[in-house]
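Have a look at the structure below, then the notes.
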Number of protein chains: 2
Amino acid sequence: MIATFAALAEPSRFRIVELLRSGPRLVTDIGERLHLRQPQVSKHLRVLKEAGLVDVEPDAQRRLYELRAEPLRALHDWLERYRDLWDARFAELDELLEELKTKERKDGRRKRR
Amino acid sequence: MIATFAALAEPSRFRIVELLRSGPRLVTDIGERLHLRQPQVSKHLRVLKEAGLVDVEPDAQRRLYELRAEPLRALHDWLERYRDLWDARFAELDELLEELKTKERKDGRRKRR
DNA sequence: CGAGAATATTCCTGTCAAGGCATATTCTTG
DNA sequence: CAAGAATATGCCTTGACAGGAATATTCTCG
């Protein structure tokens with residue numbers, strides 16, 4: 001989980017993942033589409049692979065990189081545990097707290113002395 | 001999105017979020033439960049707040065920190081776009097590639113919700 | 001075999017973030 | 001107002017990491 005977050009926290013890597021959503025790509029291909037230099041693409045792909053986010057399928061001297069479902073599904077599952085947060089039951093509480101906060105912000109500076 | 005990933009990529013921060021899932025907590029409380037020193041907790045909470053993952057409700061000299069739903073829901077929504085990856089349509093392709101790489105034959109579980 | 005394509009690795013450098021510790025800040029209360 | 005509680009900030013040091021450029025590696029093919 002942490003590894004997944006760390007991998008996706010890097011903007012270029014995030015974009016690579018987004019690109020791979022449309023299907024497997026070659027390193028060079030990725031570089032061209034995202035305007036990244038080849039070595040950096042390779043490095044990012046390495047990180048993504050070590051995080052299990054990507055798989056490689058060699059084809060001669062080329063490598064086809066493709067997204068792996070598992071980590072993303074795991075993330076999705078993890079988030080399910082937080083669903084209560086935005087589901088019905090807590091909605092009111094959220095609003096309440098929002099109100100309290102915006103109200104106190106106004107004159108919390110000078111109460112009384 | 002990137003900000004959310006970056007915030008959650010830090011182990012202590014991840015643990016804080018997990019803890020806050022059970023409800024709002026005071027800074028000191030968090031520190032004790034997670035064995036973190038107060039200044040680090042405050043710093044982490046600051047990052048979490050800047051990422052929008054957390055809200056503060058002041059109470060005298062204490063601060064109640066609580067989880068915010070929005071970023072997590074956004075993450076969840078983002079992942080929905082990747083659902084095809086592990087849903088029916090691509091299952092076969094996944095299996096194919098899995099076979100090429102490992103020879104596991106004991107994988108027979110399925111997740112339904 | 002040698003050239004060239006596609007990708008990976010290495011080395012270097014600058015930046016940024018995290019922990020530790022001391023200190024500042026903000027409130028409450030006697 | 002002083003003392004103390006709860007939290008935030010500042011400074012410092014160290015380690016991780018990203019980009020750049022050069023180079024190594026692995027294949028294919030004429």
Side-chain angles (χ1 to χ4, degrees), chain A residues 2-20 23-51 53-67 100-101 103-113, chain B residues 2-17 19-20 23-67 101:
Chain A
I2 297 284
T4 304
F5 286 133
L8 293 173
E10 213 287 327
S12 297
R13 237 131 53 196
F14 182 81
R15 292 169 64 212
I16 291 179
V17 167
E18 289 265 79
L19 174 59
L20 290 184
R25 305 269 175 187
L26 296 176
V27 176
T28 304
D29 190 5
I30 297 174
E32 282 172 3
R33 297 195 184 237
L34 302 187
H35 302 290
L36 297 172
R37 304 170 200 278
Q38 179 267 315
Q40 327 300 333
V41 176
S42 287
K43 289 177 192 171
H44 284 313
L45 286 170
R46 170 136 91 124
V47 176
L48 288 174
K49 191 182 164 203
E50 280 166 355
L53 275 162
V54 152
D55 254 349
V56 209
E57 197 199 348
D59 166 32
Q61 73 254 248
R62 327 188 162 176
R63 315 275 150 133
L64 248 200
Y65 280 88
E66 65 150 359
L67 260 190
L100 279 181
K101 183 176 24 178
K103 187 183 296 179
E104 307 219 347
R105 176 155 320 205
K106 267 322 200 232
D107 68 340
R109 202 70 183 151
R110 227 164 165 249
K111 211 156 148 203
R112 55 178 274 196
R113 55 207 299 285
Chain B
I2 297 285
T4 305
F5 287 133
L8 295 173
E10 214 286 328
S12 296
R13 238 131 53 198
F14 182 82
R15 291 169 65 212
I16 291 179
V17 167
L19 174 59
L20 289 184
R25 305 268 176 187
L26 297 175
V27 176
T28 303
D29 191 6
I30 297 174
E32 282 172 4
R33 297 193 185 239
L34 304 187
H35 302 291
L36 299 173
R37 305 172 199 276
Q38 179 267 317
Q40 327 300 332
V41 176
S42 286
K43 288 175 190 174
H44 283 313
L45 285 170
R46 170 135 92 124
V47 175
L48 288 174
K49 190 181 165 203
E50 279 166 356
L53 275 162
V54 148
D55 253 349
V56 209
E57 197 200 348
D59 166 32
Q61 71 257 244
R62 327 189 163 177
R63 314 278 149 129
L64 249 199
Y65 281 88
E66 66 151 359
L67 259 191
K101 206 153 317 128

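Basis for what follows: all heavy atoms, side chains included, without hydrogens, waters or symmetry-related copies. The chains referred to below are lettered A, B, ... by the order of the sequence lines, with proteins before strands, and numbering in each begins at 1.
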Calculate the interatomic distance between A:Lys49 atom NZ and C:dT7 atom C1'; express it in whole Å. 12 Å
Phosphate oxygens OP1/OP2 of C:dA8: is one of them under 4.0 Å from a side-chain N or O of A:Tyr65? yes
Tell me: CD1 of B:Ile2 to C1' of D:dC17, nearest whole Å? 15 Å
OP1 or OP2 of D:dC17 versus the side-chain N and O atoms of A:His44: is any pair under 4.0 Å? no
Within the 4.5 Å heavy-atom criterion, are A:Ile30 and A:Leu20 side-chain neighbours or not? yes
Residue pair A:Arg63/B:Asp29 against DNA chain D: nearer the 5' end by closest nucleotide is B:Asp29
Between atom CG in A:Asp59 and atom C1' in D:dT26, what is the gap in whole Å? 13 Å
Without decimals, in angstroms, what is the distance between B:Gln38 CD and D:dT9 P? 11 Å
Report the nucleotide, chosen from D:dA18, D:dG4, C:dA6, that has the shortest atom-to-atom distance to any side-chain atom of A:Gln61. C:dA6
Residue B:Ser42, side-chain atoms from C-beta onward, closest of D:dA6, D:dT7, C:dG19: D:dT7
For the side chain of A:Pro39, starting at C-beta, report the closest nucleotide among D:dA22, D:dG19, C:dG19. D:dA22
Taking it one step at a time, do A:Ser42 and A:Gln38 satisfy side-chain hydrogen bond (donor to acceptor under 3.5 Å, both in side chains)? CA-CA 6 Å; A:Ser42 287; A:Gln38 179 267 315; 3.1 Å; yes
Selected nucleotide, minimal atom distance to B:Arg46 side chain, candidates C:dG19, D:dT9, C:dA8: D:dT9
Taking for each residue the nucleotide of DNA chain D bearing the nearest heavy atom, is the 5' side occupied by A:Leu36 or by A:Ala60? A:Leu36
When the distance from CG of A:Leu48 to P of D:dA18 is rounded to whole Å, what number comes out? 10 Å
Using whole Å, what does the distance between atom C1' of nucleotide D:dG19 and atom CZ of A:Arg13 come to? 12 Å
Out of C:dT7, D:dA6, D:dT9, which has the shortest distance to the side chain of B:Arg62? D:dA6
Output the single nucleotide from C:dG19, D:dA6, D:dG20 whose closest atom is nearest the side chain of A:Lys43. D:dG20
In this structure, CG of A:Asp55 is separated from CZ of A:Arg63 (nearest 0.5 Å) by 13.0 Å
Under 4.0 Å between any heavy atoms, over every strand shown, what does A:Leu45 touch: base, sugar-phosphate, or nothing? Just pick one. nothing
Report the distance from atom CD of A:Glu32 to atom C1' of C:dA6, rounded to the nearest whole Å. 12 Å
Please state how far atom NE2 in A:His35 lies from atom P in D:dA18, giving the value in whole angstrom units. 21 Å
Donor-acceptor pair (no angle test) under 3.5 Å: B:Gln40 side chain, C:dA18 base: no
Calculate, to the nearest 0.5 Å, the distance between atoms CG and CZ belonging to B:Leu19 and B:Arg25 respectively. 5.0 Å
Kindly check if the number of other-residue, nucleotide or ligand heavy atoms within 6.0 Å of CZ (A:Arg62) is above 12? no
